[in-house]
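Each remark here refers to the structure printed beneath this line.
Just so it is clear, the values below take in all heavy atoms, side chains as well, and ignore hydrogens, waters and symmetry mates. Note that the numbering runs from 1 along the sequence shown for the chain. Please read all numbers here as calculations on a predicted model, not as lab measurements.
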Amino acid sequence: MRSGKYKECQGELCSIYILKEFKGQGIGKSLAKSVIKELEKLGINTMLVFVLENKNSRLFYEAMGGKIIDKIEVKIAGKKLNELVYGWDNN
């Protein structure tokens, strides 16, 4: 896990990258569901994902049922950016 701060979430989806020409075809949804199924096989029913606030990909995670549980500031390439922390609970 990237952070030990979110003890209520045991799993983490690190990232999904889909080339622009393949977006909107359900590939990301299929990959995310596969990750969730594998975590459930391990007895893990909670998950985190960190998403930059200014990216449209956050809408994907919201549509997948993710709920914003935190907002943190990160520094990437010398710039301060906000990252949203999404959580899932499949119990």
Rounded to the nearest 0.5 Å, what's the gap from [atom1] on [X] to [atom2] on [Y]? Could you check?
X	Y	atom1	atom2	result
Phe60	Lys29	CZ	NZ	8.5 Å
Leu81	Ile72	CG	CD1	11.0 Å
Glu83	Ile76	CD	CD1	6.0 Å
Ile68	Tyr86	CD1	OH	4.0 Å
Ser15	Phe50	OG	CZ	12.5 Å
Glu40	Thr46	CD	OG1	10.5 Å

**Report entry** Check against side-chain contact (heavy atoms from CB on, under 4.5 Å), Leu48 and Ile69
**Finding:** CA-CA 9 Å; Leu48 286 175; Ile69 60 173; 3.5 Å; yes
Query raised in the report: Excluding sequence neighbours, so at least two apart, what forms side chain to side chain donor-acceptor pair (under 3.5 Å) with Tyr61?
Result: none
Report task. Would you please name every residue forming a salt bridge (Lys or Arg N to Asp or Glu O under 4.0 Å) with Glu38, sequence neighbours left out? Result -> Lys41
When hydrophobic residues are tied together by side-chain contacts of less than 4.5 Å, even through go-betweens, does [X] share a cluster with [Y]?
X	Y	result
Leu42	Val35	yes
Val49	Met47	yes
Leu39	Val51	yes
Met64	Phe22	yes
Leu52	Ile16	no

Contact summary for [X] and [Y], nearest pair of heavy atoms:
X	Y	answer
Cys9	Gly87	SG-CA, 4.4 Å
Gly11	Ile44	N-CG2, 3.6 Å
Lys71	Leu84	CG-CD2, 4.0 Å

Query raised in the report: Got more than 12 heavy atoms from elsewhere within 6.0 Å of CG, Asn54?
Result: yes
